[in-house]
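First the proteins, then the strands, lettered A, B, ... as listed; each starts at 1.
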Number of protein chains: 2
Amino acid sequence: MTTETDSGASAVMAHLPKGKRERTKLANREAILAAARDVFARLGYGATTVRDIIRATDLASGTFYNYFKSKEEVFEAIQDESAVRVRPRLRAERIRAKSVEEFIAGSFRTFFDYVATDRGTFAVMRRNADTVRVRMDTPEIIAGFDELKSDIVRAMDEGLLPRADADFLMASMVGVAFECAERMLKREPVDPAAAADFATALFLGGIRALPKPTHS
Amino acid sequence: MTTETDSGASAVMAHLPKGKRERTKLANREAILAAARDVFARLGYGATTVRDIIRATDLASGTFYNYFKSKEEVFEAIQDESAVRVRPRLRAERIRAKSVEEFIAGSFRTFFDYVATDRGTFAVMRRNADTVRVRMDTPEIIAGFDELKSDIVRAMDEGLLPRADADFLMASMVGVAFECAERMLKREPVDPAAAADFATALFLGGIRALPKPTHS
DNA sequence: GGGGAAAGTTGACGGACCGTCACATTTCCC
DNA sequence: GGGAAATGTGACGGTCCGTCAACTTTCCCC
């Protein structure tokens with residue numbers, strides 16, 4: 001049972017990949033990502049070396065570089081996976097929401113809920129005195145923010161929201177979200193609803209008081 | 001003129017340090033910090049090595065370690081210097097302010113003004129795709145935030161500000177300040193007043209709408 | 001099914017960095 | 001002036017990085 005034949009074992013997890021080549025390629029990539037997640041969690045981003053990740057797999061050192069260029073790139077991939085998971089939820093939120101206010105509230109709610117769940121990806125990055133922060137310039141994350149921002153800009157255009165400096169506004173949402181998320185994770189019990197309520201109230205109250213943009 | 005004697009040259013910058021020993025000690029430390037600032041600016045934090053910093057001085061590699069334990073520690077020292085420069089301004093602001101609102105406005109103003117001036121310390125850290133962020137756990141910075149926070153808590157206690165979750169509030173101020181500062185530095189011309197106005201309005205408007213803290 | 005091309009894996013290698021340490025040098029102070 | 005203490009020096013062992021030529025596996029077409 002435990003010692004299957006090759007064909008049997010591969011049939012278990014063989015879904016999309018057609019050839020064996022494609023299958024091991026996927027498996028290797030996944031193994032590296034899993035190992036990286038684990039090592040990042042144990043040592044923190046700054047302290048882990050590419051070699052640490054490699055050693056946590058059963059691959060040769062050279063192989064790693066067939067999949068990722070650097071530690072940085074593995075990190076990005078892990079973050080992107082998270083973003084991929086969050087984006088559909090934000091989209092659903094946008095559809096469900098009946099007003100911009102609801103949409104903003106829902107976005108915060110979704111974000112904090114996710115962070116509280118997927119601590120392995122979010123909290124881990126700042127282990128110890130690690131100063132690595134969540135990257136914002138990763139494709140999936142940029143796309144997600146662009147979506148959110150265009151919604152907000154549209155709401156401003158339609159007069160549903162006071163016109164303000166949309167860049168600063170997005171920056172502020174990001175800042176509030178991430179800093180509060182960090183505090184949230186340090187508390188016991190972790191309470192995403194409280195964090196979301198706080199951020200939402202601060203924002204909805206604040207937006208109404210915003211001045212016109214001075215930025216050209 | 002340019003080639004002074006030792007006593008002549010040292011007399012120029014000899015103020016506090018008494019012996020020659022103390023003087024070169026200070027000079028070396030300063031040389032390392034200056035070199036580090038320069039190299040960080042050129043290469044970004046992540047890409048610079050301790051060796052790069054050493055090479056930018058005329059010291060031996062071993063000497064560096066008499067002054068700092070690591071690149072990280074040099075970084076902290078540079079940041080702390082900035083914090084040391086900002087804190088008195090914030091204190092002056094607190095004394096000058098006639099209300100909590102004015103104080104918050106003044107704090108943002110001071111912060112963005114400083115960032116716009118001392119780009120060498122703030123902006124430099126995120127050069128390229130560098131993910132190092134400003135450290136918040138450095139002694140001087142912690143002290144500064146504690147000061148600010150206790151003022152806000154006191155204002156809440158005195159009923160001058162609606163009672164809210166002070167931790168989240170501080171986190172939000174930090175988040176908004178740093179994220180907006182980053183956007184600000186990318187614009188031309190850099191306009192600290194606009195950034196400060198935005199942050200202040202967002203906050204003062206937002207604070208009034210905050211819910212009671214659910215945190216025990 | 002066989003055989004050659006293409007894709008992928010392997011681990012050793014040159015280059016660089018890190019932090020230390022025994023030794024040389026400078027400063028202090030009696 | 002001279003010895004003790006403090007500081008500077010740079011070579012060294014250990015580690016990491018990213019590459020590359022040689023090797024193994026998979027693919028695919030005859």
Please give, in whole Å, the distance from [N] [atom2] to [X] [atom1]?
X      : N       : atom1 : atom2 : answer
E22(B) : dC28(C) : CD    : P     : 8 Å
Y65(A) : dC20(D) : OH    : P     : 13 Å
N66(B) : dC21(C) : CG    : P     : 13 Å
I54(A) : dT15(D) : CD1   : C1'   : 13 Å
R21(B) : dT27(C) : CZ    : P     : 7 Å
K69(B) : dT20(C) : NZ    : C1'   : 15 Å
I53(B) : dC18(C) : CD1   : P     : 9 Å
L59(B) : dT9(D)  : CG    : C1'   : 10 Å

Quiz item: Taking it one step at a time, do D52(A) and T49(A) satisfy side-chain hydrogen bond (donor to acceptor under 3.5 Å, both in side chains)?
Solution: CA-CA 5 Å; D52(A) 288 331; T49(A) 70; 3.3 Å; yes

Exercise. Tell me what Y67(A) touches on the nucleic acid: a base, only sugar-phosphate, or nothing, going by heavy atoms under 4.0 Å.
Key: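 Here Y67(A) touches the backbone only, sparing every base.
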
Quiz prompt | Sugar-phosphate only, base, or nothing, as touched by S61(A) at under 4.0 Å among non-hydrogen atoms | solution =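 Answer is base: heavy atoms of S61(A) come under 4.0 Å of a base.
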
Looking only at side-chain N and O atoms, does [X] come under 4.0 Å of OP1 or OP2 in [N]?
X      : N       : value
K25(B) : dT7(D)  : yes
R55(B) : dC17(C) : yes
N28(A) : dG8(C)  : no

Quiz item: Going by the angle between their ring planes, with limits at 30° and 60°, are F75(B) and F40(B) parallel, tilted or perpendicular?
Solution: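 Rings of F75(B) and F40(B): perpendicular, as their planes differ by over 60°.
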
Practice problem: On the 0 to 90° scale, with breaks at 30° and 60°, tag the F108(B)-F112(B) ring pair as parallel, tilted or perpendicular. | Solution: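 Rings of F108(B) and F112(B): parallel, as their planes differ by under 30°.
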
Quiz item: How many angstroms lie between CG in L148(B) and CZ in F111(B), if you round to the nearest 0.5 Å?
Solution: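 It comes to 11.5 Å.
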
